[in-house]
Protein chains: 2
Amino acid sequence: MAREANVSVATVSRVLNGTAPVRASTRQKIMAIIEKHKFQPNALARSLVNKRTGMIGVLFPDSSNMFFSEVFGGAERAALKLGYTLFLCNTFSDPHKESEYLHLLCERQVDGLIFMGGRINARQCQDALVQEVIDIQKKTPIVLINGTLPGHPCHRVKTDEFMGTQLLVRHFIELGHERIGFLGGSLATTTTLEKLQAFKETLHANQLPYRQDWIRLGDFSIACGYQRMEQILAMQSRPTAVVCINDYVAIGAIKAALTRGVRVPEELAIAGFDDTQLSSAMNPELTTVSQNSDELGRTALAILSRLIQKEKAQQLTVLAPRLIVRQSTQRES
Amino acid sequence: MAREANVSVATVSRVLNGTAPVRASTRQKIMAIIEKHKFQPNALARSLVNKRTGMIGVLFPDSSNMFFSEVFGGAERAALKLGYTLFLCNTFSDPHKESEYLHLLCERQVDGLIFMGGRINARQCQDALVQEVIDIQKKTPIVLINGTLPGHPCHRVKTDEFMGTQLLVRHFIELGHERIGFLGGSLATTTTLEKLQAFKETLHANQLPYRQDWIRLGDFSIACGYQRMEQILAMQSRPTAVVCINDYVAIGAIKAALTRGVRVPEELAIAGFDDTQLSSAMNPELTTVSQNSDELGRTALAILSRLIQKEKAQQLTVLAPRLIVRQSTQRES
DNA sequence: TTGTACGCGTTATCAT
DNA sequence: ATGATAACGCGTACAA
């Protein structure tokens, strides 16, 4: 390339990296040729010898769920400051795609991995899938967000979802609600389990009824929220407040209620989870729990960065959730 | 690696790629060792000789805007089928970050580039920024989505935003509206210009008033929609319907109206643009124009794929938008 | 069918 | 200060 055109060989490298002193005159000469040819060093070759790509793989289940966008938005900002680039992989919650991307990222020699969703919060995760991650972890640092690898040590960052749910239920109780339901989520998922457990315990602790028919699971979508709320509304004896697994389900639930002419929050209070951008855009605005998604991504990346540099890092980081009270549970007076 | 453990050297390569016949027995032996060591070929070294990374860089302005997520969702699905992987880069609408990522992607030797937002739909784009893209285009295929490089030939896929706006205005006219406003967007942006032009012409063609004080620009955010609608509501003589630059602005506008006790659509009809996931989640549900975001991404990738294989591809592909009528302009009876 | 040797574009280690 | 040269891990003619 520029080598022939000019005079030297590896001196170019020194100019590009400032790794050794170079005479001003020759530097200028080289710089000129670089400019002229718009020379771009090949990062592949560079990484091949450096053993460092500056890439961090990010696995997440669903780009249509704003929560994840917000998390990796935070991670991306942090990454740029540290000189890393994110390699985003949408697994569409498909374990098979998850494995594919996992391999892809390893082949591509990413410096580290951030893992969200999928197998790391599956209730029953096949050993093979766990082992796959473990094997990778031997070579490449991994940080799990809101999940775990049962039976294996790993670095993780999570929101205290138990506390988050507790905040919500207590909020309802303070408002005088005694009939509280739970919508959305799936028992195949540990986060649903954790939230449901918190839901149950908090009700018990307050001598309130925990009724199976007020618990309507399903998935994490708007459609699910809509259907489940329709079922609730069709009941003789209904709750006066419902906790939803996330903002999407809550949005669906609100739609169903309003469509049936049920006023929110006057006749039925509804709360979400995640404090997605959506929750303040809705009307009524959604009461929810913030996972501080930005911070979640940021600290995951901070920890990963330490791991990559072989520094010690905290195994488990738990972030406190915040209750965000809005209109869907309480009208401002 | 496996070479020493076994017997051969490059035979491993033939096994991995099936590029030449290998005796069954030796293949088995090699496969066994690959399994045992969980051997992963190094994609960096491989790409270095192949001159093909299988990566497609995607520049987009804002991961918090669902529209873009939907577009690259479509692109990703198409990419996977063709054996490509997307390298997503959030430019945060910052020209500087745009340039940074552009260089990064080139150094990383992406096979192609998809460009959305930023400079490619800036009204006044510095020559240097355009030239930067042109220079890259000489080496790497690029497809532009909803944008252009003024004065230079380039491959692009776009929605007919002019027609989209026309559909909206005509919809209002058919509903009997004669006082129509326009909210959000920025004149620094060509898409705003195009939509505004369509807005103006359609009004004129129907002998309806085009009033400057009913045109309230700003940006593309919920907050903007909220503020602009507040301004509109404070006016003596207000429109009975407003076209918004996108769904986000429309959502803000609806919130402002409802907050002021103005009923939507009875007292004020509001329409968005993009048919984001949000639009059907809102209530009232949002009348909007679908850009077929999924298809936009899919065809951009299809064209890019042809370009990468040195095949001829259509320079300009225009997708027809679809009017989606929902509650924010018309209550079902 | 399989092994040898060179090249891909860098960086790093020696010399000079 | 700068020029050779050996890696890095892989594909691939070419030879065997």
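Just so it is clear: chains get the letters A, B, ... in the order the sequence lines come, proteins before strands, and each one is counted from 1.
- Under the 30°/60° scheme for interplanar angles, the aromatic rings of Phe87(B) and Phe87(A) are found to stand perpendicular.
- In this structure, Gln109(B) reaches neither bases nor backbone, as no heavy-atom distance under 4.0 Å exists between it and the strands shown.
- Using a 4.0 Å cut-off, no side-chain N or O of Thr11(B) falls inside it from OP1 or OP2 of dT2(C).
- Atom CG in Leu16(A) sits about 15 Å away from atom P in dG9(C), given to the nearest Å.
- A search for side chain to side chain donor-acceptor pair (under 3.5 Å) contacts involving Asn146(B) returns Gln291(B), not counting sequence neighbours.
- Here the side chain of Glu76(A) pairs no donor or acceptor atom with the backbone of Gly297(A) at under 3.5 angstrom.
- A donor-acceptor pair is defined here as one N or O able to donate and one able to accept, closer than 3.5 Å; no such pair exists between the side chain of Asp62(B) and the backbone of Phe92(B).
- The separation between Asn42(A) atom CG and dG7(C) atom P is 18 Å, rounded to whole Å.
- Note: CD (Gln28(B)) to P (dT1(C)) measures 15 Å, nearest angstrom.
- For Arg46(A), a side-chain nitrogen or oxygen approaches OP1 or OP2 of dT11(C) to under 4.0 Å.
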I'd like a table of atom pairs between the protein and nucleotides 12-16 of chain C - only N or O on both sides, under 3.5 Å - with the distance next to each one.
none

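- In the set dG9(C), dT1(C), dC10(D), the nucleotide with an atom closest to the side chain of Ala45(A) is dG9(C).
- The separation between Ile30(A) atom CD1 and dG3(D) atom C1' is 12 Å, rounded to whole Å.
- As rounded to whole Å, 14 Å separates atom P of dG7(C) from atom CG of Leu48(B).
- Between the CG atom of Leu44(B) and the P atom of dT10(C) there is a distance of 13 Å, given to the nearest Å.
- Taking side-chain N and O atoms only, Lys51(A) has a distance below 4.0 Å to OP1 or OP2 of dG9(D).
- The shortest distance between side-chain heavy atoms of Leu144(A) and Val157(A) does not fall below 4.5 Å.
- When only modelled atom types and interatomic distance are considered, Arg119(B) and Thr91(B) share no side-chain donor-acceptor pair under 3.5 Å.
- In this structure, CD1 of Ile34(B) is placed 13 Å from C1' of dC10(D), rounded to the nearest angstrom.
- In this structure, a donor-acceptor pair under 3.5 Å is present between the side chains of Asp219(B) and Ser221(B).
- Residue Thr26(B) is in sugar-phosphate contact alone, with no base atom involved, counting any heavy-atom pair closer than 4.0 Å across all strands shown.
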